[in-house]
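Just below is one structure, and these are the notes that go with it.
Note that this is a predicted model, so its numbers are computed, not measured.
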Amino acid sequence: IENELFRPYKERLANLQRYREALTAEAEHEYPLNQAALEDLQELQKMFGLRNEDIVSIEQEIEVQFIQRAKAYQANLALYEQLLSNLVKQEFPLRAAARQELKDFQQARQLKNEDIAKVEKPLLKRAAEHQRKSGTGVVPKQHLSQSSQFYGASSSKPPSPPPPKN
């Protein structure tokens, strides 16, 4: 009798958990969610018999989680840009060891290749232009990214320090 009595409650909890898992999987795939994903989740909500008030806290929790991830990712991307800027100030073109340091940094923070390319392309272009004009391999800070900022995010390996001032 007790199992029968609590069965609807247990099913509702299981459906809420399934909805949470589906929402998380969709957000892992693409965040923010596209229209098709939102429609799929609404269909799932109906199928599970969940009300809007049943899922609002789940959606808010997942949203906060993914906003925090996005902020951390952007902070790590900014640290990569700072590291690249510091390395280019020390030597340009970059040697294999510097390239490997950048690759290790990228992999440790799971930065996407396309995001790295967006950071590297303008910075390396300015460095190459400066080198072509000046004939040196050292690039002054003002010729690199004006948007580079050190965000102070925690990392296991900090960016290389700037070159010593003469």
Taking atom [atom1] of [X] and atom [atom2] of [Y], what is their separation to the nearest 0.5 Å?
X: Tyr80; Y: Leu111; atom1: OH; atom2: CG; answer: 8.0 Å
X: Leu77; Y: Gln106; atom1: CG; atom2: CD; answer: 9.5 Å
X: Ile55; Y: Leu23; atom1: CD1; atom2: CG; answer: 8.0 Å
X: Asn76; Y: Glu81; atom1: CG; atom2: CD; answer: 13.0 Å
X: Leu33; Y: Leu38; atom1: CG; atom2: CG; answer: 5.0 Å
X: Leu41; Y: Glu59; atom1: CG; atom2: CD; answer: 7.5 Å

Residues passing the salt bridge (Lys or Arg N to Asp or Glu O under 4.0 Å) test with Glu129, sequence neighbours excluded, are none

Partners passing side chain to side chain donor-acceptor pair (under 3.5 Å) against [X] (at least two apart in sequence or in another chain):
X: Asp54; answer: Arg12, Arg51
X: Glu53; answer: none
X: Tyr73; answer: Asp115

Taking every heavy atom of Leu87 against every heavy atom of Ala98, the minimum-distance pair comes out as CD1-O, 3.9 Å

Which atom names give the shortest non-hydrogen contact between Ala117 and Pro122, and what distance separates them? O-CD, 4.5 Å

Can you pull out every salt bridge (charged side-chain N to carboxylate O under 4.0 Å, His left out) where at least one residue sits in residues 21-39? Sequence neighbours excluded, please. Glu28-Arg69

Decide yes or no for Arg126 and Val88: does some side-chain heavy atom of the first lie under 4.5 Å from some side-chain heavy atom of the second? no

Could you check Ile116 against Leu102 for side chain to side chain contact (heavy atoms under 4.5 Å, CB included), going step by step and ending with a plain yes or no? CA-CA 10 Å; Ile116 293 299; Leu102 289 165; over 6 Å; no

Could you see if Met47 belongs to whatever hydrophobic cluster contains Tyr19? Use Ile, Leu, Val, Met, Phe, Trp, Tyr and a side-chain cutoff under 4.5 Å. yes

Evaluation steps, side-chain hydrogen bond (donor to acceptor under 3.5 Å, both in side chains), between Gln82 and Asn86: CA-CA 6 Å; Gln82 182 66 42; Asn86 289 342; 3.1 Å; yes

Is a donor from one side chain sitting under 3.5 angstrom from an acceptor on the other, for Asp104 and Gln100? yes

N/O donor to acceptor pairs below 3.5 angstrom from side-chain atoms of residues 60-67, sequence neighbours left out:
{"from": "Glu61", "atom 1": "OE1", "to": "Arg20", "atom 2": "NH1", "distance (Å)": "3.2"}
{"from": "Glu61", "atom 1": "OE2", "to": "Arg20", "atom 2": "NH1", "distance (Å)": "3.0"}

Quick one, Glu114 with Lys118, criterion salt bridge (Lys or Arg N to Asp or Glu O under 4.0 Å). Give me CA distance, side-chain angles, the key distance, then yes/no. CA-CA 6 Å; Glu114 58 268 19; Lys118 289 176 188 174; over 6 Å; no

Backbone of Phe48 reached by a side-chain donor or acceptor of Asn15 within 3.5 Å: yes

Regarding Arg99 and Glu120, does a basic nitrogen lie under 4.0 Å from an acidic carboxylate oxygen? yes

